[in-house]
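Here the structure comes first, spelled out in structure tokens, and everything after it is commentary.
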Amino acid sequence: MQVTVEKPESGLEHTINVTLPSTDLDSKVEKRLAQMRSTVKMDGFRPGKVPMSIVKKRYGGQVRQEMLGETVQASFYDAIAKEELNIAGYPQFHKLDEQDGQILYSAKFEVFPKIDLPKFSDLSVELNKSEVTDKDVDTMITKLREQKSAWKPANGNKKAKKGDQVIIDFVGKKDGVEFEGGKAEDVPLELGSGRMIPGFEDGIEGMKKGEEKTIDVTFPEDYQSEELKGQAVTFDITVHSVQTKVLPEIDEEFVKSLGVDAGTEEALTAEVRSNMEKELARAVENKNRTLVLDALSDKVEVTLPQALVEQEAQTLLNRQAEQFKQQGMNPEDLGITTDMFKADAEKRVKIGLVLGEVIKENNIEATEEGRKAFIEEQASSYDDPQEVIQWYANNPDAQKEIDAILVEREITKLILSEAKVKEVSKKFEEIVNTAA
């Protein structure tokens, strides 16, 4: 086999030219046809008795193409190994030809770039620190109460405001004429919820039970109805009831409804704080790990293999499309393309290459002990920890995800042991609501 490699002056794309004898190909074709002859069924012949000349005539061309493809693939990777090239993505074959007892072809491909890691001591990282305060716990308990709140009619003189619920009738009119779909009765509407078109809920604020009013609104330009988009209309509003949200008392019934068997406010507070502290600890770790790895990646300049970027962008698109499907939307109608995910794909590919180099230089790997501890920590939050542990045991892909997290933890620890670190205090909601 003769191999020549064309290397670029810049960039990652290489071209390899290969010439190899077709002798092995001929023998492979003969062997495959002989195997086929024993199973080929054809009218007028018993199984296995079809003459080889007929088998060759009918299947020879197809088999030769299959064997040629296998031979080219195998020889390509042999050539790559011989030349010690680290290929990124998939090769593109072209100029495939057979002549004078030889197979000739060329293939283009990208190689992985050389990564020059910075000194970790040159990195500066701002890390987040946070703690759960009494106010955070009170806010969370209020949210739990709001989830179990009830609407109660207010007195007749109360003016509706944001956060109140009104029971209304409405009739929509365009140029004084009712339009289709613009009429309803006894509709519950929480003011400020944003359920209705802009201006509708604002127009009801200040109204009382029994009051009638006509409000002017304009449908958005992107409204789904062609007849109404961008149109100015009126709504005749009748308010039947103004209701306020009443939160349940923190009594035994309420506490037990949240799964706290002790039934006391103290037990609820302790349970909520414990859960919030666990959530905050995970969020702080995830966010800080991202900050550290981004700081490392930002210090590296590297040419990215476009094949890997395109693959990653396609993966991100597929993931987004699946989410849209789960939400009842058709991704094809939304016009999403891989170009929309290219920036994220480039970032993910770059950090993957950089981390791969750190792993190689420092011999970092996940351990069985670390994996076991991670799974047990995750399982401790569930009613049946053993069921969760067994689920991980039966899911190799989930274990790979754990290994990736454990390796990133070790890399983060290694970097932070040398980098310049500054801590920044953040509130609970800042960390949890923006956790990576």
Side-chain angles (χ1 to χ4, degrees), residues 1-114 303-318 337-338 342 345 349 352-353 356 396-397:
M1 181 171 64
Q2 297 178 348
V3 178
T4 60
V5 179
E6 300 173 22
K7 299 181 180 180
E9 292 184 6
S10 62
L12 303 173
E13 188 175 79
H14 288 50
T15 299
I16 192 169
N17 304 297
V18 179
T19 302
L20 64 154
S22 59
T23 310
D24 289 346
L25 175 62
D26 295 335
S27 62
K28 287 179 181 178
V29 171
E30 291 293 331
K31 184 177 180 180
R32 177 66 63 86
L33 289 172
Q35 292 172 341
M36 292 179 63
R37 180 172 178 263
S38 64
T39 58
V40 165
K41 295 180 180 179
M42 194 174 294
D43 291 344
F45 299 95
R46 287 179 295 164
K49 300 298 182 181
V50 180
M52 179 58 78
S53 60
I54 296 178
V55 175
K56 284 185 177 180
K57 184 176 181 180
R58 175 167 292 190
Y59 299 107
Q62 174 187 334
V63 170
R64 189 169 189 82
Q65 285 300 312
E66 291 175 358
M67 294 296 97
L68 178 60
E70 291 181 9
T71 299
V72 167
Q73 286 278 349
S75 66
F76 171 77
Y77 287 103
D78 286 344
I80 291 298
K82 179 182 177 182
E83 297 295 326
E84 297 182 343
L85 295 171
N86 192 8
I87 183 172
Y90 300 103
Q92 294 180 334
F93 294 95
H94 59 104
K95 297 182 181 178
L96 177 59
D97 193 16
E98 276 191 86
Q99 60 184 29
D100 301 328
Q102 293 182 318
I103 300 170
L104 304 91
Y105 68 87
S106 296
K108 288 186 177 182
F109 55 89
E110 291 177 292
V111 297
F112 281 96
K114 183 178 183 299
T303 300
L304 300 178
Q306 289 307 299
L308 299 187
V309 172
E310 290 168 7
Q311 290 173 28
E312 185 64 28
Q314 185 64 51
T315 298
L316 294 174
L317 182 148
N318 293 342
T337 65
T338 53
K342 188 172 182 180
V349 169
L353 293 174
D397 288 343

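Hydrogens, waters and symmetry mates are skipped; everything else that's a heavy atom, side chains included, is used. We're numbering straight along the sequence, starting at 1.
Although no hydrogens or angles enter the test, the distance criterion places no donor-acceptor pair under 3.5 Å between the side chain of R37 and the main chain of P51. Without hydrogens or angle criteria, E110 side chain to G89 main chain gives no donor-acceptor distance under 3.5 Å.
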Point to revise | Verdict with supporting geometry, Q102 and Q2, side chain to side chain contact (heavy atoms under 4.5 Å, CB included) | key: CA-CA 11 Å; Q102 293 182 318; Q2 297 178 348; 5.6 Å; no
Practice item. Apply the test side chain to side chain contact (heavy atoms under 4.5 Å, CB included) to residues K95 and L104: give CA-CA distance (whole Å), side-chain angles for both, the deciding distance (0.1 Å), then the verdict. Key: CA-CA 7 Å; K95 297 182 181 178; L104 304 91; over 6 Å; no
Exercise for review: Begin with the C-alpha distance, continue with both residues' side-chain angles, and end with the deciding distance and a verdict on side chain to side chain contact (heavy atoms under 4.5 Å, CB included) for I103 and L96.
Suggested key: CA-CA 7 Å; I103 300 170; L96 177 59; 4.1 Å; yes
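Taking CD of E310 as the reference point, atom CG of L317 lies at 13.0 Å (rounded to 0.5 Å). To the nearest 0.5 angstrom, Q92 atom CD is 12.5 Å from S106 atom OG. Here the CE-NZ distance, from M42 to K49, works out to 15.0 Å after rounding to the nearest 0.5 Å. Between the CG atom in L25 and the CG atom in L20 there is a gap of 8.5 Å [rounded to 0.5 Å]. Note that the OG1 atom of T23 and the NZ atom of K28 stand 11.5 Å from one another [nearest 0.5 Å]. For the atom pair CD of E312 and NZ of K342, the computed distance is 13.5 Å after rounding to the nearest 0.5 Å.
The two atoms that bring F76 and Y105 nearest to each other are N-OH, 3.1 Å, heavy atoms only. A pairwise comparison of heavy atoms in V72 and S75 identifies O-OG, 3.0 Å as the closest pair. For the residue pair A88 and A307, the shortest heavy atom distance occurs at O-CB, 4.1 Å.
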For residues 55-64, which side-chain N or O atoms pair as donor and acceptor with protein atoms under 3.5 Å away, sequence neighbours left out?
from, atom 1, to, atom 2, distance (Å)
K56, NZ, E30, OE2, 3.2
Q62, NE2, E66, OE2, 3.3
R64, NE, E98, OE2, 3.4
R64, NH1, D26, OD1, 3.1
R64, NH2, D26, OD1, 2.9
R64, NH2, E98, OE1, 2.8

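With contacts defined as side-chain heavy-atom distances shorter than 4.5 Å, the pair N318/Q314 qualifies. No side-chain heavy atom of S10 sits under 4.5 Å from any side-chain heavy atom of T303.
Heavy atoms from other residues, nucleotides or ligands lying under 6.0 Å from OH of Y77 number more than 12.
Here F112 pairs with nothing under the ring-ring contact (aromatic ring centres under 6.0 Å, His included) rule; sequence neighbours left out. In terms of the side chain to side chain contact (heavy atoms under 4.5 Å, CB included) criterion, residue partners of A79 (sequence neighbours excluded) are, by chain and number, M1, V3, I16, V18.
In this pair, H14 and F109 present their aromatic rings parallel. The plane angle is below 30°, not in the 30 to 60° band.
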